[in-house]
Amino acid sequence: MTILDTKEQKLLKEEAGVDIAPLLSLRSQTKVDTGGWLGSKPVWVCVTSDELFLVAAGRRPFFERVSLQDCAGSHYNAATGEVVLSPAEALMCNQLALRPTEAMELLKAMGIEASQWTAKVAPAIPDEDDPVAAILRKLATSEPAARKDAPPKPSKFAKFKAKNQ
C-alpha cells in the first residue's frame with residue numbers, strides 16, 4: 001500500500017470533512033491539470049470501506065468521491081491498461097491508468113470479484129447440429145488451398161532491381 005503525500009492527505013481531510021484512513025491508496029499514472037506551471041499532477045485513488053476518492057493536490061485541487069456501490073461494474077481494460085470505473089458516470093476521471101498488479105489490488109479493495117474482471121465473457125460453445133458451427137469447424141481445421149496456377153509474387157527488392165536495371 002502506498003501512503004498518500006502530505007498535500008493529498010490534507011486535501012482529502014479538508015474535502016471529506018473527516019480524517020479518513022483509506023484501506024488502499026494508489027498513485028495512478030493518469031494526470032489532471034491542477035493549475036501548476038510545471039504541468040499536470042497524478043491522480044491518487046483512495047478506497048475506504050464504502051467510498052472511493054480521487055485526489056490530486058495543486059493550486060486548483062482535483063477531488064472526486066463516489067460510493068463503491070456506484071462502481072459495481074468496474075473492470076480492468078488490458079488493451080489500454082486502465083481501470084474503468086463504471087457505471088459511475090458522474091466522475092470526470094472515470095478511467096485510471098494503473099499497472100496490472102495495482103489494478104487487481106484496487107478492484108479487490110473495491111470488493112469486485114475476480115470473475116468479473118479476469119474473464120468478462122465466456123466463449124460460446126456451438127451446438128453439434130448447428131450448420132454454421134459445422135462450417136466454422138471445417139474452415140478452422142482445413143488447410144488453405146494453394147493456387148498452383150498463379151506465379152510466385154515478386155518481392156519489393158525484385159521489383160526495384162528489375163526497374164533499375
Side-chain angles (χ1 to χ4, degrees), residues 1-13 15-16 20-36 38-144 156:
M1 178 173 118
T2 309
I3 298 174
L4 282 169
D5 288 343
T6 54
K7 291 178 184 178
E8 278 79 11
Q9 269 183 329
K10 185 178 177 186
L11 176 64
L12 186 61
K13 185 177 179 179
E15 292 291 333
I20 294 175
L23 301 172
L24 177 73
S25 58
L26 295 171
R27 182 180 175 188
S28 73
Q29 296 163 357
T30 302
K31 295 191 176 192
V32 293
D33 181 20
T34 56
L38 300 176
S40 304
K41 298 278 182 156
V43 175
W44 283 81
V45 184
C46 301
V47 180
T48 62
S49 59
D50 57 344
E51 285 187 303
L52 178 84
F53 296 93
L54 303 174
V55 180
R59 284 180 43 205
R60 285 191 325 238
F62 175 78
F63 179 82
E64 290 187 315
R65 83 192 294 175
V66 67
S67 172
L68 289 179
Q69 294 174 347
D70 294 339
C71 299
S74 298
H75 61 278
Y76 180 68
N77 185 348
T80 61
E82 295 176 330
V83 172
V84 179
L85 302 172
S86 66
E89 295 152 357
L91 294 175
M92 287 176 45
C93 184
N94 63 355
Q95 295 181 351
L96 301 167
L98 293 167
R99 291 187 297 244
T101 54
E102 291 176 340
M104 288 180 212
E105 283 182 56
L106 176 63
L107 291 171
K108 283 180 188 176
M110 290 172 62
I112 296 174
E113 296 177 16
S115 62
Q116 291 181 344
W117 49 270
T118 54
K120 283 296 240 184
V121 179
I125 300 171
D127 295 333
E128 294 294 325
D129 299 334
D130 188 12
V132 175
I135 293 170
L136 290 175
R137 276 193 299 277
K138 183 178 178 183
L139 288 174
T141 57
S142 66
E143 304 239 352
K156 287 184 179 180

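The model shown is predicted, which means the values in this text are computed figures rather than measured ones. Residue numbers count from 1 along this sequence.
Taking 4.5 Å as the limit, every side-chain heavy atom of Ser40 sits out of range of all side-chain heavy atoms of Val32. Side-chain contact check for Glu64 versus Cys93: some heavy-atom pair is nearer than 4.5 Å. Counting only heavy atoms from C-beta outward, the side chains of Arg60 and Asp33 approach each other to under 4.5 Å.
For the atom pair Leu85 CG and Gln95 CD, the distance stands at 8.5 Å (nearest 0.5 Å). One finds the NZ atom of Lys108 at 11.5 Å from the CG atom of Leu24 (value rounded to the nearest 0.5 Å). Within the model, atoms OG1 of Thr48 and CZ of Phe53 stand 5.0 Å from one another, a figure rounded to the nearest 0.5 Å. Taken from CH2 in Trp44 to OG in Ser28, the straight-line distance is 9.5 Å, to the nearest 0.5 Å. To the nearest 0.5 Å, atom OH of residue Tyr76 and atom CD of residue Glu82 are 9.0 Å apart.
One N or O on the side chain of Arg59 and one on the backbone of Gly35 form a donor-acceptor pair closer than 3.5 Å. In this structure, the side chain of Glu51 does not engage the main chain of Leu68 through any donor-acceptor pair within 3.5 Å.
Note on Glu102 versus Arg99: salt bridge recorded, some NZ/NE/NH1/NH2 to OD/OE distance being below 4.0 Å.
Taking each heavy atom of Ala56 and Pro42 in turn, the nearest pair found is CB-O, 3.6 Å. Taking every heavy atom of both residues into account, Lys41 and Ala57 meet most closely at CG-O, 3.5 Å. In terms of heavy-atom proximity, Ser86 sits nearest to Gly73 at OG-O, 2.8 Å.
A side chain to side chain contact (heavy atoms under 4.5 Å, CB included) with Leu106 is found for exactly one of Leu52, Ile112, Thr101, namely Leu52. Shown are Leu98, Leu96, Leu54, Val45; of these, the side chain to side chain contact (heavy atoms under 4.5 Å, CB included) with Thr30 is made only by Leu96.
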- Given side-chain contact (heavy atoms from CB on, under 4.5 Å), test Val66 with Cys71 step by step and report yes or no. CA-CA 8 Å; Val66 67; Cys71 299; 3.5 Å; yes
